[in-house]
Amino acid sequence: MDEIVKKLAGLGLPGVILVVLTVASGGSSAAIAAAITALGGPFGIVGGIGLLGLITVLGDTVAGYGIEAILKAIYAERSKTESVRYLLKEIKDLPISEELKLKLKNELSPEVIIDTEEFNQPKTVEIVDE
């Protein structure tokens, strides 16, 4: 078992994904091939293997720069073409820590954002009877 663990650890995150696929498929070769094929979408098994390779590259990049720096760069780039309000709502729904959410929100919009629809004060009207 130690040798298998060492070989899978050498694969990194794709190795972990492969183990999860193997366990989820019951361990049969046909089921693993079907899972990798499904992972590849319209590109089939070649796409699934390519996706495992892409995960490796992405994992190395995240490990090198850190998740915070990468997420900040992604949202800064997206803010050039998408609504900041939409991106802020998307960040709110991400499964990340509140601290990281706050940092991402401050990166997109450093000034305090006030939703004017929430804070509209009702107008007071005085009726004067003459």
Return the OG to CG distance between S109 and L104, rounded to the nearest 0.5 Å. 12.5 Å

Is the shortest heavy-atom distance from the side chain of E82 to the side chain of Y75 under 4.5 Å? no

Electrostatic pair E99:K103 at N-O distance under 4.0 angstrom: yes

Spacing of I45 atom CD1 and L51 atom CG [to the nearest 0.5 Å]: 13.0 Å

Hey, could you give me the CG/CD distance between L94 and E90, rounded to the nearest 0.5 Å? 6.0 Å

Check for me, please, whether F43 and V46 land in the same ILVMFWY cluster - side-chain distances under 4.5 Å, paths through other members count. no

Tell me whether Y65 is reachable from I96 by hopping between hydrophobic residues (I, L, V, M, F, W, Y) whose side-chain heavy atoms are closer than 4.5 Å. yes

Do any N or O atoms from the side chain of K105 and from the backbone of I91 form a donor-acceptor pair under 3.5 angstrom? no

Using the test salt bridge (charged side-chain N to carboxylate O under 4.0 Å, His left out), find all partners of K92 that sit at least two apart in sequence or belong to another chain. none

In this structure, would I74 and Y86 fall into the same cluster of hydrophobic residues linked by side-chain contacts under 4.5 Å? yes

Do you know the tightest heavy-atom contact between S79 and V84? CB-CG2, 4.4 Å

Would you kindly confirm whether L88 and L102 end up in one hydrophobic cluster when ILVMFWY residues are joined by side chain heavy atoms under 4.5 Å apart? no

